[in-house]
Amino acid sequence: MAKKKNNTSMPSSAADKPATLKDLLGAETIAKLKEQAAELKQDEDRKKEEARAKAEAARKAEQKRLENDFEHLLNTSKMDWQKFK
């Protein structure tokens with residue numbers, strides 16, 4: 001028995017390929033979409049930076065409040081008073 005060769009790989013031409021969105025949209029529209037995507041990414045980065053700065057400010061304010069709280073300082077200090085004699 002001889003094996004039959006399957007030659008299924010046929011070269012496809014550009015006309016056989018389905019049209020893509022890039023082909024259907026104009027260059028100007030694609031440029032506008034890319035610009036809009038860049039603006040959205042910048043807005044997202046700015047919001048993340050603002051949230052990080054706000055969290056950092058809240059952390060510093062809490063730390064400052066705790067440094068002025070005698071109970072907190074007393075609870076976090078070491079109880080070995082003999083070394084201060």
Side-chain angles (χ1 to χ4, degrees):
M1 270 195 180
K3 292 184 177 179
K4 292 184 180 180
K5 293 183 180 179
N6 276 342
N7 194 1
T8 59
S9 62
M10 299 178 74
S12 61
S13 64
D16 293 341
K17 293 182 181 178
T20 62
L21 187 59
K22 186 176 181 180
D23 297 334
L24 296 175
L25 295 176
E28 183 179 320
T29 308
I30 293 174
K32 285 181 183 178
L33 289 172
K34 286 183 180 180
E35 182 180 329
Q36 185 179 15
E39 288 176 6
L40 289 174
K41 183 159 179 70
Q42 288 176 352
D43 287 346
E44 183 180 339
D45 290 343
R46 181 183 49 80
K47 286 181 182 179
K48 283 183 182 178
E49 181 63 27
E50 286 176 358
R52 187 198 61 77
K54 187 176 180 181
E56 181 71 18
R59 186 190 62 78
K60 284 184 179 181
E62 179 68 15
Q63 182 66 28
K64 190 168 188 168
R65 185 190 67 79
L66 288 176
E67 286 175 355
N68 291 330
D69 185 15
F70 184 73
E71 182 182 1
H72 172 74
L73 292 174
L74 187 61
N75 290 336
T76 56
S77 67
K78 294 183 180 178
M79 293 297 186
D80 186 14
W81 297 101
Q82 292 178 354
K83 67 180 181 179
F84 296 108
K85 282 188 177 180

Judged by atom type as modelled, is there a donor-acceptor pair below 3.5 Å linking the side chain of N75 to the main-chain atoms of E71? yes
Positive for side-chain hydrogen bond (donor to acceptor under 3.5 Å, both in side chains) with R46, one of E44, E50, E49: E50
Between R59 and E56, does any NZ, NE, NH1 or NH2 come within less than 4.0 Å of an OD or OE carboxylate oxygen? yes
Minimum heavy-atom separation for L73 to E67, with atom names? CD1-O, 3.2 Å
Are K32 and E28 close enough for a salt bridge, meaning some N to O gap below 4.0 Å? yes
Taking the basic N atoms (NZ, or NE/NH1/NH2) and the acidic carboxylate oxygens, is any pair closer than 4.0 Å for R65 and E62? yes
Hey, could you give me the NZ/CG distance between K64 and D69, rounded to the nearest 0.5 Å? 14.5 Å
Mind checking whether E35 and E39 have side chains closer than 4.5 Å, heavy atoms only? yes
